[in-house]
Amino acid sequence: MKYTELGLINTTEIFRDAIARNYAVPAFNFYNMETLQAILDAAHITHSPIILAVSESALKYMGADTLIAMIRGANISPNDKIALHLDHGGSFDACAHAIEIGFSSVMIDASKLPFDDNIELSRRVAEFAHQHNVSIEAELGILAGIEDENTQSKISSYTNPSDVEKFVNATGIDSLAIAIGTSHGAHKRKKDDEELRFDILADVAVRLPGFPLVLHGASNIPQKLITTINEFGGKISGARGIDENQLRRATKMNVCKINVDSDLRLGATAAIRKSLFEKPENFNPREYLSAARQTMTQICVDEIRNIMGSENMI
Ligand code: G3H
Ligand code: 13P
Ligand code: ZN
């Protein structure tokens with residue numbers, strides 16, 4: 001299936017505009033009907049371009065046929081400016097499979113391999129992706145935190161700015177994920193005032209003028225969601241995200257894709273806990289899943305407006 005048959009676009013035009021007008025496009029992860037609908041509703045409410053991100057484990061969870069059927073059922077138009085992106089593709093085969101079933105963008109995450117091996121694998125995937133007019137993201141530097149259901153990265157290393165030109169030129173990738181202090185999951189910082197490494201970001205942006213950069217692990221972790229979760233029986237302590245001001249600052253420095261998964265997970269969990277607590281007699285999942293969907297839509301809308309700056313950019 002070619003992604004154009006699903007009304008999707010690749011990220012080339014999306015990023016060109018984001019760079020030109022200094023905003024970031026949100027990449028929200030989805031893994032079921034409710035998360036998909038929440039993200040698409042937010043895109044329509046805000047008239048924002050959007051990247052629908054699917055991890056390998058989320059693809060497995062939904063099943064490729066169900067995932068593509070849901071995308072088809074969403075009646076997406078190229079005018080909506082929506083890309084379907086494989087998040088943290090771990091191998092050539094995973095990226096090729098995503099491209100073959102209808103993804104318009106893939107990430108090959110070879111960031112834990114030695115530099116030359118990362119180049120080689122990213123280059124091979126880029127070549128294959130470009131044969132299908134699909135965009136490709138790769139990563140330099142390692143983020144700490146939970147990256148998928150199976151890997152928990154304990155090591156982390158910042159991106160070395162002196163590597164980026166060689167990496168981009170040798171691989172032919174379309175966007176580069178960099179490590180400047182963000183991390184996956186809900187426990188990102190030890191202190192509230194911990195700063196991202198804007199010096200690294202600035203150095204990379206100077207070396208790659210106009211080139212799209214990506215921030216992973218960039219959830220804001222709204223504290224009101226943590227409070228709600230804990231108020232209604234949850235137990236999450238020490239959760240801290242990336243400060244909104246710092247994310248906004250990054251959008252002005254060639255960061256044109258910001259990845260958010262944990263915020264929606266927290267939103268869904270908070271809404272479901274509250275709904276079940278307030279109506280303990282309810283056993284109709286549609287009731288608490290609607291509450292989750294509504295909360296996730298609101299989180300996407302708020303972040304598009306207050307962080308990404310992508311509202312009305314279609
Ligand atoms: O960055 C990774 C995402 O949060 C995906 O996580 O593999 O549990 O879907 P997942
Ligand atoms: P968060 O855990 O900060 O939401 O990061 C998500 C992400 O980077 C997906 O690739
Ligand atoms: Zn990520």
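Read the numbers this way: they start at 1 and go in the same order the structure lists the ligands and their atoms.
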Applying a heavy-atom cut-off of 4.0 Å, say which part of [X] lies close to ligand 2: side chain, backbone, both or neither.
X    : answer
V260 : backbone
A218 : backbone
N29  : side chain

Self-check item: Any N or O of S55 closer than 3.5 Å to N or O of ligand 1
Solution: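 For ligand 1, there is an N or O atom that lies under 3.5 Å from one belonging to S55.
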Quiz item: With only distance considered, is H216 within less than 3.5 Å of ligand 1 through an N or O on each side?
Solution: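 N/O-N/O distance under 3.5 Å: no.
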Self-check item: N284 CG: over 12 foreign heavy atoms closer than 6.0 Å
Solution: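 More than 12 within 6.0 Å, yes.
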Exercise. Decide if atom NZ of K60 counts as having more than 12 heavy atoms of other residues, nucleotides or ligands within a radius under 6.0 Å.
Key: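 12 or below, so no.
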Quiz item: Going through the checks in order, is the side chain to side chain contact (heavy atoms under 4.5 Å, CB included) test met by Y61 and T66?
Solution: CA-CA 10 Å; Y61 177 79; T66 303; over 6 Å; no
Quiz item: Applying the side-chain contact (heavy atoms from CB on, under 4.5 Å) test to P161, which of I200, V206, L201 qualifies?
Solution: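 For P161, the side-chain contact (heavy atoms from CB on, under 4.5 Å) check succeeds only for I200.
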Should you measure from each heavy atom of [X], which atoms of ligand 2 turn up under 4.0 Å away?
X    : answer
H88  : 10 (O)
H216 : 8 (O), 10 (O)
G185 : 2 (O)

Just jot down the ligand 1 atoms closer than 4.0 angstrom to any heavy atom of [X], in number order.
X    : answer
S57  : 7 (O), 8 (O), 9 (O), 10 (P)
D261 : 3 (C), 4 (O), 5 (C), 6 (O)
H88  : 1 (O), 2 (C)
D87  : 1 (O), 2 (C), 3 (C)

Exercise. Describe, in one word, how the ring planes of H88 and H184 are oriented to each other, choosing from parallel (under 30°), tilted (30 to 60°) and perpendicular (over 60°).
Key: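 Plane angle over 60°, so perpendicular.
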Quiz item: If we only count N/O pairs under 3.5 Å, is S262 in contact with ligand 2?
Solution: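 Between S262 and ligand 2 (N or O atoms, distance only) the closest approach is under 3.5 Å.
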Quiz item: Is there a side-chain contact between V260 and M308, using heavy atoms and a 4.5 Å cut-off?
Solution: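 Yes. Closest side-chain heavy atoms under 4.5 Å.
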Quiz item: Could you state the interatomic distance from OG (S219) to CG (L247), rounded to the nearest 0.5 Å?
Solution: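 That separation rounds to 9.0 Å.
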Self-check item: side-chain hydrogen bond (donor to acceptor under 3.5 Å, both in side chains) involving Q294 - partner list, sequence neighbours excluded
Solution: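 Scan of Q294 (side-chain hydrogen bond (donor to acceptor under 3.5 Å, both in side chains), adjacent residues dropped) gives none.
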Quiz prompt | Full working for ring-ring contact (aromatic ring centres under 6.0 Å, His included) between Y3 and F103 | solution = CA-CA 6 Å; Y3 65 81; F103 281 60; over 10 Å; no
Exercise. Output yes when E120 and R123 qualify as a salt bridge under the 4.0 Å nitrogen-oxygen rule, no when they do not.
Key: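 A salt bridge is present here (some side-chain N lies under 4.0 Å from a carboxylate O).
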Practice problem: Check R265 against ligand 1 and report side chain, backbone, both or neither, counting heavy atoms closer than 4.0 Å. | Solution: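 Under 4.0 Å from ligand 1, R265 contributes side-chain atoms alone.
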Practice problem: May I ask whether K188 places a heavy atom under 4.0 Å from ligand 2? | Solution: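 The answer is yes: ligand 2 sits under 4.0 Å from a heavy atom of K188.
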Self-check item: Of all N/O/S atoms in H216, the name of the one nearest the Zn ion (ligand 3)
Solution: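 The Zn ion (ligand 3) is closest to the H216 atom ND1, counting only N, O or S.
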